[in-house]
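Working notes for the structure below.
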2 protein chains.
Amino acid sequence: MPIARHSLHDEVVTRVRDMIIEGTLAPGARIHEGQLGVTLGVSRTPLREALKFLASEGLVDLVASRGAVVRSFTPKDVRDMLDVLATLEAFAGRLACREATDGEIAEVRGLHDRMKERYAVRDRLEYFKLNQQIHSAIQRLSGNAALEAAHASIQSRLKRIRYIGNQEPQKWQDAMDEHETMIRSLEARDGEALAQVLTLHMERTWDRVKATL
Amino acid sequence: MPIARHSLHDEVVTRVRDMIIEGTLAPGARIHEGQLGVTLGVSRTPLREALKFLASEGLVDLVASRGAVVRSFTPKDVRDMLDVLATLEAFAGRLACREATDGEIAEVRGLHDRMKERYAVRDRLEYFKLNQQIHSAIQRLSGNAALEAAHASIQSRLKRIRYIGNQEPQKWQDAMDEHETMIRSLEARDGEALAQVLTLHMERTWDRVKATL
DNA sequence: GGCGTGTATACTGCATGCAGCATGCACGCA
DNA sequence: TGCGTGCATGCTGCATGCAGTATACACGCC
């Protein structure tokens, strides 16, 4: 394994993306190149390159001669993205049930169990991270790289919004139950059932987040 | 309407993307910043920014300290992308039948008729462009911007490969027939039929291109 | 003769300087 | 007093210079 090579702009992409997800950079906020550059300790060049990258991901908008602003989403945007996610995940679920090895499914089960533990102690941050990993893992198990990439792109845009959701205990419990059904369907290699619960999960996710928009 | 503002890196993104699609920059070819910069008449900075953008689109790979290389796709990559496209287009087709106005559908019919004319005189380049426009238009008619963006991203990666396909008269005729069914289904607002033919079209597209990979 | 090592070349990665444009404020005129 | 215009400021967009590193070739050693 090659040692991790941290090209600076790659590092910056990650950092800025995290700042957007965590809300340090609020939606609609203008990104000041010089200022942010100083904050991150890099010059404007790699920062600008990172912003172009994030623009392509849809996390920031580039306005001519006025630089970058953090993209803000309307409720409809969110709903639309969830609909696409549902479509992609349902497709991935069917494939995963067919293509994944038993070992791979066991790994997802491992993620699921760890997530359940974090839920038990109400560790929202870790729960959330494991949750995202599970959804990503199902895409990966589909064996379709293009699918995985398309999913990752949309998921990253929704991260912030989904993190805000699940605030209420009942909602959180519901989400956990849906995940329980998911993992069972995957282990049973029942593609249709998995696709169905994934679609339902997205629909419910919408119900859980729409009030916060 | 604000006059078109051509930020240089945007222009470069378009130019380089076209060079990749047209094959001027062959898959696997290394992109030499200085040299290409001179060719395009721009300095390295906007060119580098454009390359970061294209990397995010998946058209080039960035290798640390070695710059950018034009991404090359394996047959499986192509197959995978077509599968995702089929999924997205089927979804978009259903939505479009429900959401589009009669006027919008008439516009697609217009594109279709123009495409048929180009087919009649065997004008492959114009046929191809109109073909892409039709597929994009169906996404747009879905009213789901996230869907449209995800589709556009994959479609741009496949452009070059799909352009090479349809070389043989019979294949081209078949593709044309599928499009004929498409437009009829759309006009009848039969979402299921449209989804079905779009899926079929992608499957057939695979049959048409796989030999060239 | 083949393989490993050293060195030279040249390309990428990043910093910085300069020019052009957007924005906000002040001043003048109606 | 209100609106329009001009100017100053500061930011973005782009060019270029410099340092670090990959690569290729040549030389030496086994």
Side-chain angles (χ1 to χ4, degrees), chain A residues 1-20 23-72, chain B residues 1-20 23-72:
Chain A
M1 169 176 158
I3 54 176
R5 297 290 292 276
H6 53 289
S7 82
L8 201 45
H9 75 256
D10 239 31
E11 192 75 20
V12 173
V13 165
T14 309
R15 289 286 302 276
V16 175
R17 194 183 357 221
D18 286 348
M19 290 175 79
I20 292 174
T24 312
L25 293 171
R30 194 162 151 186
I31 293 176
H32 193 293
E33 292 181 0
Q35 192 177 312
L36 185 56
V38 171
T39 306
L40 296 177
V42 300
S43 87
R44 289 176 51 218
T45 307
L47 177 56
R48 285 174 57 82
E49 291 175 355
L51 289 175
K52 297 290 177 300
F53 197 93
L54 291 171
S56 177
E57 278 189 358
L59 278 170
V60 304
D61 280 329
L62 296 179
V63 187
S65 299
R66 264 189 298 175
V69 296
V70 180
R71 183 148 170 210
S72 57
Chain B
M1 168 175 155
I3 55 175
R5 298 290 291 273
H6 54 290
S7 80
L8 202 44
H9 74 256
D10 240 30
E11 192 76 21
V12 173
V13 165
T14 309
R15 290 286 302 275
V16 175
R17 197 184 353 227
D18 286 349
M19 290 177 79
I20 292 174
T24 312
L25 293 171
R30 196 162 152 187
I31 294 176
H32 193 294
E33 292 181 0
Q35 190 177 314
L36 184 55
V38 171
T39 306
L40 297 177
V42 300
S43 87
R44 290 176 50 218
T45 306
L47 176 56
R48 285 175 57 83
E49 291 175 355
L51 289 175
K52 298 290 179 299
F53 197 93
L54 292 171
S56 177
E57 280 189 356
L59 278 171
V60 303
D61 280 328
L62 296 178
V63 186
S65 298
R66 264 189 299 175
V69 296
V70 179
R71 185 149 166 206
S72 57

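Naming: A, B, ... by sequence-line order, numbering from 1 per chain.
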query: Shortest non-hydrogen contact from B/L8 to B/P46?
result: CD2-CG, 4.3 Å
message: Just so I know, are the side chains of B/V13 and B/L51 near enough to count as touching, which here means a heavy-atom distance under 4.5 Å?
response: no
Using atom types as modelled, flag every donor-acceptor pair under 3.5 Å from a side chain in residues 54-63 of chain B to any protein atom, sequence neighbours excluded.
| from | atom 1 | to | atom 2 | distance (Å) |
| --- | --- | --- | --- | --- |
| B/S56 | OG | A/S56 | OG | 3.1 |
| B/E57 | OE1 | B/R17 | NH1 | 2.8 |
| B/E57 | OE2 | B/R17 | NH1 | 2.6 |

message: Is it the case that atom CZ in A/R15 sees more than 12 heavy atoms from other parts of the structure closer than 6.0 Å?
response: no
field: Pairs involving residues 36-47 of chain A, ordered by first then second residue, that meet salt bridge (Lys or Arg N to Asp or Glu O under 4.0 Å) (sequence neighbours left out)
entry: A/E33-A/R44
- request: Taking only heavy atoms on the protein side, list every residue of residues 40-54 of chain B lying under 4.0 Å from any atom of DNA chain C, sorted numerically.
  value: B/R44, B/R48
task: Would you indicate which nucleotide in D/dA15, D/dT12, C/dA22 comes nearest to any side-chain atom of B/L8?
output: D/dA15
message: Just the rounded figure in Å: distance from P of C/dC14 to CG of B/L62.
response: 11 Å
task: Return the value, rounded to whole Å, for the distance between atom NE2 of A/H32 and atom C1' of D/dT9.
output: 12 Å
query: Which listed nucleotide (D/dA22, D/dT12, C/dC11) is nearest to the side chain of B/S65?
result: D/dA22
field: Student check: side-chain heavy atoms of A/I31 and A/V69 closer than 4.5 Å
entry: no
message: Taking the nucleotide of DNA chain D with the nearest heavy atom to each, does B/R30 or A/V63 sit closer to the 5' end?
response: A/V63
message: What is the separation between atom CD on B/E33 and atom P on D/dT16, rounded to the nearest whole Å?
response: 15 Å
message: Please report the distance, rounded to the nearest Å, between CG in A/L36 and P in D/dT12.
response: 10 Å
message: For C/dG13 and A/H9 - does any side-chain N or O of the residue sit under 4.0 Å from the phosphate oxygens OP1/OP2?
response: no
query: Rounded to the Å, how far apart are A/R66 CZ and D/dG13 P?
result: 11 Å
